[in-house]
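Remarks on the structure that follows.
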Amino acid sequence: MKLLGLETSCDETAAAVVEDGRRALSNVIASQIDIHKEYGGVVPEVAARSHIEVVLPVVHEALARAGATWDDIDGIAVTAGPGLIGSLLIGTLTARSLALVHHKPLYAVNHVVAHTYANMLITERPEFPLLSLSVSGGHSHMLWFDGPLEYRLLGRTRDDAAGEAFDKVAKMLGLPYPGGPSVGQAALHGNEQAYQLPKPQLGSDSLDFSFSGLKTAVLRTLQAEVGGDFRTPSAELPARLTPQHVNDMAASFQRTVCEILAGRLHQAYQRYQPKSVVIAGGVAANARLRQEVSRRLPVPMHYAPMEYCTDNGAMIGAMGYELAAAGRAIDPLTLKADPSLAI
Ligand code: KG4
Ligand code: ZN
């Protein structure tokens, strides 16, 4: 079975053709990073407009690269939420129209859950029951999967998402958007023990996260280094930092986030004893996080290629396959975009 997976929930317009939920025959991603870089983050209206311009060319490119025509496609899977409403509307309306025009069944996919399915696109597929740490710019969730579509939430962030913390700290340090890769790059040249930042105390029973205090601690520490009163992040702060401040803070912050995430994952592993553990979402592309997780978890870890960690259509097609196998198609006329779609 070949599905077209379509993703437009944030600032990537992405489409892929996925075979049997496990092989991406194509994976086309039109990133808007260069557009939003100028503003230091995603501007929702600009994102929606950009999706409109490229969504059909991206779909056609995904079909072409897979060597497929519409006759070869058995259905369309699209992100229904959560995400930016304007961005979601472009993807869902496109998918609805394509489903009606080409007479294909349509599947509505939850973006947060779909990130975990990136790990089904690798040769050694993880087995159920499965524990997944899904961390990106919009969310940080610990998920439990009894089977492909039987999942529940074990813990989540109480404030900022992990990727959001990377993005905000990057801004404080004067590093370019998106923050994850640029903090990771700067960290390569820094001492990760230079600063001891606090870790949130949420109780030993909780599998929740919190990153807002860490972000504030970074600001306070930098302020103490350079003097001045930066109660809120300001453009003046990065100008006062030396390259060593930047690299050392990037490395120390990254280490702290990785220790928090890997620590929680280990705690959940011990409590629930899954057969496999995966990490997913944009932050799962972080090499330091992969290292920390592999060091702490007593199970062999298999990581998805980077292109499947950040937003992409292949993970949507992979989850769509499970919905198709379960006969859960949705009427194209009733599919609605839901910016706060729950798990
Ligand atoms: O999954 P994703 O592409 O989009 C959302 O669903 O949010 O994740 C984007 C987030 C951004 O916050 C970005 O800074 C972060 O993932 N990210 C990383 C890395 N690559 C992307 N964070 C840490 N290290 C990376 N290498
Ligand atoms: Zn995402």
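Both counts, for ligands and for their atoms, begin at 1 and track the order of listing.
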Protein heavy-atom partner closest to atom 2 (P) of ligand 1 - residue, atom, separation in Å | D311 OD1, 3.2 Å
What are the protein N, O or S atoms, given as residue plus atom name, that sit under 2.8 Å from the Zn ion (ligand 2)?
-> H111 NE2, H115 NE2, D311 OD1
Between E53 and R49, does at least one N-O distance fall below 4.0 Å, as a salt bridge requires?
-> no
Candidate with minimal heavy-atom separation from atom 10 (C) of ligand 1, of G137, G184, G163, A284 | G137
Are I52 and L6 joined in one hydrophobic group, where the rule is that I, L, V, M, F, W and Y side chains link up if heavy atoms are under 4.5 Å apart?
-> yes
Could you tell me whether ligand 1 has any atom less than 4.0 Å away from a heavy atom of H115?
-> yes
Can you find a heavy atom in the side chain of N312 that is under 4.5 Å from one in the side chain of E12?
-> no
Check: H139 ring centroid to H115 ring centroid under 6.0 Å = yes
Any heavy atom of Q254 sitting closer than 4.0 Å to ligand 1?
-> no
Side-chain heavy atoms of R22 within contact of M120, under 4.5 Å = no
Are R156 and D208 ion-paired here, with the side-chain N under 4.0 Å from a carboxylate O?
-> no
Closest approach of any protein heavy atom to atom 17 (N) of ligand 1, naming residue and atom | G282 O, 3.5 Å
C10 near ligand 1, heavy-atom distance under 4.0 Å?
-> no
Using a strict 4.0 Å cut-off to heavy atoms of V283, name the atoms of ligand 1 that fall inside it.
-> 16 (O), 18 (C), 22 (N)
Using a strict cut-off of 4.0 Å, indicate which atoms of ligand 1 neighbour a heavy atom of A285.
-> 26 (N)
Examine D167 against ligand 1 and note whether any of their N/O atoms are separated by less than 3.5 Å.
-> yes
Would you mind running through ligand 1 and noting each atom that sits below 4.0 Å from a heavy atom of G138?
-> 7 (O)
Any N or O of S136 closer than 3.5 Å to N or O of ligand 1 | yes
Pair T13-H51, side-chain donor/acceptor within less than 3.5 Å = yes
Who's the nearest protein heavy-atom neighbour of atom 18 (C) of ligand 1, and how far?
-> G180 CA, 3.4 Å
Out of I73, V59, D72, L3, which residue meets the side-chain contact (heavy atoms from CB on, under 4.5 Å) rule with V17?
-> I73
Cut-off 3.5 Å, side chains only: do T256 and Q254 have a donor facing an acceptor?
-> no
Quick one: do Y195 and F253 satisfy ring pair (Phe, Tyr, Trp, His ring centres under 6.0 Å)? Show the steps, please.
-> CA-CA 8 Å; Y195 300 106; F253 164 78; over 10 Å; no
Nearest protein heavy-atom contact for atom 24 (N) of ligand 1: which residue, which atom, what distance?
-> N286 ND2, 3.0 Å
Do W144 and Y151 have their ring centres less than 6.0 Å from each other?
-> no
Verify side chain to side chain donor-acceptor pair (under 3.5 Å) between T116 and S132, making sure each step is shown before the conclusion.
-> CA-CA 7 Å; T116 297; S132 173; 2.8 Å; yes
